[in-house]
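One structure is given below, encoded as structure tokens.
Atom set for the values below is all heavy atoms of this structure, side chains included, hydrogens, waters and symmetry mates excluded. Quick caveat, the model's predicted, so the values are computed rather than measured.
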Protein chains: 2
Amino acid sequence: VGGQEIECVINGEYSVACHRDRDQVYLPFSFIHKYFEVYGKITSTDGVDKFEWSHSYSKVYHPKKKYDPRGTFATFENYNVEVRERVKCISGIEGVPVSTQWEPRGFYYPTQIAQFGLAHYSKNVTEPEPRVRIIDDGEKVLENWIVSKDATISRVYDEEMKTKVLKFSTSDHVSSQVWLKVNISQDFVLSLDVWFKPNSSITVVLQNKDKKETVYLHYVTSNQLIYAQEDHIYHGIGTEVKWRRITRDLIIDMQKGWALLDRPKRKSPRNKFRICSVMLRGRGAVCGVRVSSSEHMAQFYAAADWLASGQRARGGWPVLARRHVAPSVPDLKPGWLSAMSQGHAISVLSRAYHRSGRARYLLAAQRALLPLDVPSAHGGVKAMWMDKYVWYEEYPTTPPLFVLNGFIYTLLGLYDLHVIEGENSISLAKKMFDDGMTSLKTLLPLFDTGSGSFYDLRHFTLGVSPNLARWDYHATHVNQLYLLAGLDPDPVLIDTAKRWEGYMQGKRAAHN
Amino acid sequence: VGGQEIECVINGEYSVACHRDRDQVYLPFSFIHKYFEVYGKITSTDGVDKFEWSHSYSKVYHPKKKYDPRGTFATFENYNVEVRERVKCISGIEGVPVSTQWEPRGFYYPTQIAQFGLAHYSKNVTEPEPRVRIIDDGEKVLENWIVSKDATISRVYDEEMKTKVLKFSTSDHVSSQVWLKVNISQDFVLSLDVWFKPNSSITVVLQNKDKKETVYLHYVTSNQLIYAQEDHIYHGIGTEVKWRRITRDLIIDMQKGWALLDRPKRKSPRNKFRICSVMLRGRGAVCGVRVSSSEHMAQFYAAADWLASGQRARGGWPVLARRHVAPSVPDLKPGWLSAMSQGHAISVLSRAYHRSGRARYLLAAQRALLPLDVPSAHGGVKAMWMDKYVWYEEYPTTPPLFVLNGFIYTLLGLYDLHVIEGENSISLAKKMFDDGMTSLKTLLPLFDTGSGSFYDLRHFTLGVSPNLARWDYHATHVNQLYLLAGLDPDPVLIDTAKRWEGYMQGKRAAHN
Ligand SMILES: [Ca+2]
Ligand SMILES: [Ca+2]
């Protein structure tokens, strides 16, 4: 194509070099991208190049059926909490993620733990049955463990496990071990029951398929979360001498070790490694050793159990990190509660109760309602809009923020509990859900920018510049609204969902 | 410049032909213009072409000093109400505009009449002294009127006017007239005192400078507003037999006649025409005949007098046109009041009182406050936000709309009256202003879209798509906020004004 150069003066402020072809002026996409924050890339199909322009980078999921608290949670089957950079590792003791989001040393963030549980629960619903390879179950499937010098093994019936287990004992010598040579690729979730005396460990050796790299994953009787040195990555599994089941995604554990060593993140290590051996050291017993493509329910219950055990008497899961929210607002001090944690925890515990029938989960879910009725200024998470409409605050600041996505997640928790309690019951959860839905349907329009959505209403409560939702949060809003529109026929929900989805394709509200 | 064609696929929906030069893709501005509604044109300076990109098409005025109710009103010295297409004409009886905005037959729209008054008041403040050419004042400047067959004139002292006037009488014969040949260009505002018996008229003949076109502007003793036939345009000046002063912008009168004849609007007729004669017919008297470059204060007082006379006992100026506001809202029935009318009227009347000292204007301004305290549902213009914050409604619908610009204009009216009453007085206007400012400072953030402003809050009150303000309304918001920021130091006013001005240059609020 022909044409000349022409200088384009942008709002009288700066210039951009453009092309001109008669009366048409062509502007470089690099400028358009920065000016409007739209996205584009050249793609090639059958040797033909095209430029693909995208107004946003996020995806909306249209629910195929009415939301059911016994099934997937929102769109969480697509979440992968543990790969997030702000997850330091999966605790070897608790089996739940440890966050570094606001505290680099790592802390248990109840929202993240609940999301981990809900993602695994949802994947368990949507994914096909996992492949499970039993390595050694003590009775039917037995491996020939190699016993080195100074080491012993025996197979004995255990009263507690009600099965035969593998007892082992090694000396302090570094080469004294009980081990197994395997060759497992594709699947990497190891699980086993362990009973370890102090200074015992299980080590899994992973090897790159071209054999150039060997990684040693050590699970050691220690309370230290994770540490790493060269090819050795250590996860503490605690020091309690008792039977407990350990479930480890070995690839995740390897990646978290690498992150600690500041090694660059790698693409799809799952395809490049294999498990080549398993070693036991110290003194103890193991049984039920297996490797699976996934162990979603074990990971889900790890979250449910952490929540049930970690709940405080007044129903909350305090966040033990200081949280800076906005320049003009006092920080949330360690120990703050989040309505989103409470709601997500309720969603986890309701499902755990539904699946297990254990009353402990139901009671914890019900107790989790209490902070929703306590004002933020008094240690709870409740804000009021103009003294009229309740809002469950993801961040219980004073003044309040009215974060939208966290509030809706809280509503889902309330709905979950209400349904699991029995839909005909008149429960506190139901009342809190109804009140919250009234608030949502009333205030939702205030989150509409005409071309996107606000993340919160800080512009109203703090008088500062609005906090626009980036596209992934906006997509979350849209997904949440489609879900709620299936539960409540008020047109404001479905109309807003559709309009907001349109904004992601560059549509805008009309101007006068 | 070189390059190839490349197809650009927009959000997977449609394609646009673009240029490609290595990794850079160039998009045609015709697409960008439609997609983002930005503006651009090629300009040429010293033979060099540039492309000028503008995010918006409107202008912000930064006030040079604190707003003073004795001076210009907002930025109204830039307004020219009478040229607007929705102004049918300037009434020959009232001297104020007649609107066709919601009623094609024409009606007196108090907001428009007040704006007409405020624009002329403001122009009187900012423009240099007008050029005035006295044609015939009956005593010092006398013209030699040409008296045709069957016609008579005499110069007699008039008790009421306290000056000598020109009495005239013509026969019914079409050629019987008293007339004057003149040659006036550049200035076109004719004013004179008339005392006309029935079937009398004054005609002004305008001629195109190349003499190809002659237009006859007839001011006739009739109650018909305006009619036109070929080159003859008629304005009714009423049938009352009494002295009254007529002030006519002849160019406006000519254009309104042309509009009635569906002739296309012409560019700057002021430079192309001249006044070539003035004719009297019928029986009556005239005096104080003059042609000026402007008669702003006469036009201002025409508005003030219309407002003072037309006010109803309960303080309102009912709008006698039905108003459709939004699809889901019942129409406003003829007779509705507008807080913007009330506020603008107060601004006119306060200035009229300040300039004239006539108590009539002050009392009318004070009475105009009454509807601001009557809820919209009961015939007034007051809405409440969440039962807490008062809003003076430009369109008093149920549910309310919370139009921003009209509300701020109402606040200016309240401020004007308060200052004119004496700044130390504790008046109803002051209390209403303070309450309104509290509402404004509280709710202003809700009008912020992060990249522009909302015209109203219908998305909240009706649950419909937001009504974005087009750029000229947005610029009005910014101008209004800069003005108010000079009266109230609350940072929300100046911060919002600056942020909103930035939106006009493509700046946006941050996303998270
Ligand atoms: Ca959040
Ligand atoms: Ca308006």
- prompt: Side chain, backbone, both or neither: which part of B:Tyr39 has a heavy atom under 4.5 Å from chain A?
  reply: neither
- prompt: Where is the tightest heavy-atom contact between B:Pro466 and A:Tyr503, given as atom of each residue plus distance?
  reply: CD-OH, 3.9 Å
query: Hey, which of B:Asp387, B:Asp23, B:Thr461 has the most heavy atom pairs under 4.5 Å with chain A?
result: B:Asp387
message: Given heavy-atom pairs under 4.5 angstrom as the criterion, report whether the side chain, backbone, both or neither of A:Glu37 touches chain B.
response: both
message: Heavy-atom pairs under 4.5 Å with chain A: which of B:Asn467, B:Thr496, B:Val492 has the most?
response: B:Asn467
- request: Tell me, out of B:Glu52, B:Gln24, B:Glu13, B:His474, who's got the most heavy-atom pairs with chain A below 4.5 Å.
  value: B:Gln24
field: Which portion of A:Arg499 sits near chain B, non-hydrogen atoms under 4.5 angstrom
entry: side chain
message: With chain A as the partner, which of B:Lys388, B:Lys441, B:Met504 has the greatest number of non-hydrogen pairs under 4.5 Å?
response: B:Lys388
- prompt: Checking A:Ile6 against chain B: side chain, backbone, both or neither under 4.5 Å from a heavy atom?
  reply: side chain
message: So for A:Thr442, is it side chain, backbone, both, or neither that comes closer than 4.5 Å to the heavy atoms of chain B?
response: both
- request: Identify which of B:His459, B:Lys507, B:Met386 forms the greatest number of heavy-atom pairs closer than 4.5 Å to chain A.
  value: B:Met386
message: To the nearest 0.5 Å, what is the distance between CZ on A:Phe29 and SG on B:Cys18?
response: 10.0 Å
- request: Go through the atoms of B:Glu7 and report whether side chain, backbone, both or neither lie under 4.5 Å from a heavy atom of chain A.
  value: both
task: Before giving the answer on side-chain contact (heavy atoms from CB on, under 4.5 Å), spell out for B:Phe36 and A:Val38 the whole-Å C-alpha distance, their side-chain angles and the decisive distance to 0.1 Å.
output: CA-CA 11 Å; B:Phe36 292 112; A:Val38 288; 3.9 Å; yes
- line: CG of A:Leu468 to CG of B:Asp448, rounded to nearest 0.5 Å, is 8.5 Å
field: Portion of B:Leu27 that has a non-hydrogen atom of chain A nearer than 4.5 angstrom
entry: both
field: Contact origin within A:Gln505 toward chain B - heavy atom pairs under 4.5 Å
entry: both
query: In terms of heavy-atom pairs under 4.5 Å with chain A, which of B:Gly40, B:Ala510, B:Gly506 leads?
result: B:Ala510
message: Please classify the contact of A:Lys50 with chain B as side chain, backbone, both or neither, using a heavy-atom distance under 4.5 Å.
response: both
- prompt: What is the minimum heavy-atom distance between B:Ala509 and A:Ser465, and which atoms define it?
  reply: CB-OG, 3.5 Å
message: To the nearest 0.5 Å, what is the distance between CZ on B:Phe454 and CG on A:Asn512?
response: 12.0 Å
field: Residues which pass side-chain hydrogen bond (donor to acceptor under 3.5 Å, both in side chains) with A:Tyr35, listed by chain and number, not counting sequence neighbours
entry: A:Asn11, B:Trp53, B:His55
task: Select one option (side chain, backbone, both, neither) describing which atoms of B:Ile42 are under 4.5 Å from chain A's heavy atoms.
output: side chain
task: Return the minimal non-hydrogen interatomic distance between A:Lys34 and B:Arg508, and the atom names on each side.
output: O-NH2, 4.5 Å
query: Angle class for the A:His19/B:His19 ring planes (parallel below 30°, perpendicular above 60°, tilted otherwise)?
result: tilted
task: Answer with side chain, backbone, both or neither: which region of A:Asp495 has an atom nearer than 4.5 Å to a non-hydrogen atom of chain B?
output: neither
